[in-house]
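Here the structure is a predicted model, which is why all the values come from computation and not from measurement.
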Amino acid sequence: MTVSYTLKVANANFGGFSKLLFRWKGSIYKLLYKEFLVFAMLYATLSITYRRLLTEDQKRIYVKVAQYCNRSTDLIPMSFVLGFYVTLIVNRWWAQYTSIPLPDQLMCVISSTVHGKDDKGRILRRSLIRYANLSSVLILRSVSTRVLKRFPTMDHLVEAGFMTPEERKKFESLHSDFNKYWIPCVWFTNLAAQARRDGRVRDDVALRLLIDELNLYRAKCSMLFHYDWISIPLVYTQVVTIAVYSFFAFCVIGRQFLEPLDPDQDQDLDLYVPLTTLLQFFFYAGWLKVAEQIINPFGEDDDDFETNKLIDRNLQVSLLSVDDMYQNLPPTGKDKYWNESTAQPPYTIATAAETLKPSFLGSTFDMRMSEDPEQSQQVEASPALPRMHTPLLSRFLSAAASPAISLKNFGKGSRAHPHLLRLRGEGAFPSPGPRHGEDPEAVGRIEEETTEEEASEPPTPGPLLKVPSRLAATGPRPERPQIRVRQPSSESINIEQSAA
């Protein structure tokens, strides 16, 4: 039976966990006392042999061996190996519990979708939920020793009411080399399809919901089977076990209270009983025993799952839900808070103090705002406001997402193609309005960044752009025209072709 102590630790108080140290059932003392006595007897035997039976020369040799063993214990990573192993075992243990199939969702769907108050409707609903319970019992017989001892043969399932004699004959007539826990699920689907044809299930949506819930139920049965089939790799368990046993084998030899080799050397305190070594054995060996107990929670240990109780509960609750509670509703009416805008259930005297605590509205509700009224004034975001300069690193990191950077790089890489560049005011055909998809703010940013970059770059030999002779002969050399990058569009290409 599972040992539950949740009520004992409901409130944190002085020595709360200390009260749990004096319980025997399910305790570490019950689990470890045999190994602990064996370790203590081995240590005592070796200690008596060293103190009473060895000669001086033999003692000197033993001291060297003991010192070597004591140094070797530091080379075994006990905390690392045991920590990962026990964490894996605990996660697997809880996952196995959550994989136990419970009929609660399925019985609610059956009760709401399979209709009929007559005997045929009752038989239909009870048969559906019985098939689901039979599937779970069959899989629990395969993984739990408690359930197998309760139902050792198929005759016991027939006597318990999970299966009729006709169903048993049909079950045994289907030959398969694998576990046949899934057969009742197939019976369920066929019976549900027949109920849809007979009109007991009103529509296909209800049938789909019924089948989906059954699939979830069957998936849990399958997961239990696979947890029982696929264990923790044996090599991992062997490594952990050898690490623990070898560690304490070195401790039995190396943790003895020894006489110093040099007579002038101070002798350590001789306590006869190695308290710290015994505590270390209690912790590490106890850790290993915890993993040993919960690696298969379907056994008969104190903290293993109570599978027989779960079977009893599932059958009783599911049959009650689909039969006695089918359309058996209490009368409905106006509730107590019908005329009240806010419902406030009463408190008892023991809990009245909770009403004095304010409701939690969010962490920012307690934040103190600035008392300066200017900081609370609202302003509108306007393009006329001064623009903040983007740091160089931010520009570099946002190169792939910034249209300004990408268009600038596009313009720089396209200097070899003069048909992509246009001179403002020379041979260009300005569009009557802003082109579709062109961002004026992005274009202005491109022009500004291009001008700054060109001002900082050293002049390159050779003309970048060919200036017409009529411009060179009319007076002083004009300013370097600004280069504007435009996205090619079908409209601009048509205009250029017509101008040519």
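- Among residues at least two apart or in separate chains, there is no salt bridge (Lys or Arg N to Asp or Glu O under 4.0 Å) pair with a member in residues 274-286.
- Put simply, the side chain of T355 gets close to the backbone of A352: a donor and an acceptor are under 3.5 Å apart.
- Salt bridge status for D270 with R51: present, with a side-chain N to carboxylate O gap under 4.0 Å.
- Residues S136 and N314 bring no donor and acceptor atom of their side chains to less than 3.5 Å of each other.
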Indicate every side-chain donor-acceptor pair of residues 76-90 with a distance under 3.5 Å to a residue at least two apart or in another chain.
from	atom 1	to	atom 2	distance (Å)
S79	OG	Y284	OH	3.4
Y85	OH	T237	OG1	2.9
T87	OG1	G83	O	2.7

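- Using a 4.5 Å cut-off on side-chain heavy atoms (C-beta onward), V143 and Y227 make no contact.
- Of all heavy-atom pairs between T307 and V147, the closest is OG1-CG2, 3.2 Å.
- Salt bridge D118/R200: present, at least one basic N to carboxylate O contact under 4.0 Å.
- Applying the side chain to side chain donor-acceptor pair (under 3.5 Å) test to pairs two or more places apart or on separate chains, those with a residue in residues 103-112 are D104-R313.
- For the pair D323 and R122, the salt-bridge criterion is met [side-chain N within less than 4.0 Å of a carboxylate O].
- Legend: residues meeting side-chain hydrogen bond (donor to acceptor under 3.5 Å, both in side chains) with T153, ordered by chain and number and at least two apart, are H156.
- Tested against Y131, the residues Y217, W187, F188 include a single ring pair (Phe, Tyr, Trp, His ring centres under 6.0 Å) partner, W187.
- In this model, no donor atom of one side chain and acceptor atom of the other lie less than 3.5 Å apart for T164 and R168.
- A salt bridge does not link R60 with E56: every distance from a Lys NZ or Arg NE/NH1/NH2 to an Asp or Glu carboxylate oxygen is 4.0 Å or more.
- Smallest separation of non-hydrogen atoms from S142 and N179: OG-ND2, 2.8 Å.
- We find that K170 and E167 are not joined by a salt bridge, their nearest charged nitrogen and carboxylate oxygen being 4.0 Å or further apart.
- One side chain, T348 or T351, offers a donor N or O that lies under 3.5 Å from an acceptor on the other.
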Side-chain donor-acceptor pairs of residues 189-198 under 3.5 Å, sequence neighbours excluded:
from	atom 1	to	atom 2	distance (Å)
T189	OG1	V186	O	2.7
N190	ND2	V186	O	3.3
R196	NE	D204	OD1	2.9
R196	NH1	V201	O	3.4
R196	NH2	D204	OD1	3.4

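- Residue pairs meeting the salt bridge (Lys or Arg N to Asp or Glu O under 4.0 Å) criterion with at least one member in residues 66-94: none, sequence neighbours excluded.
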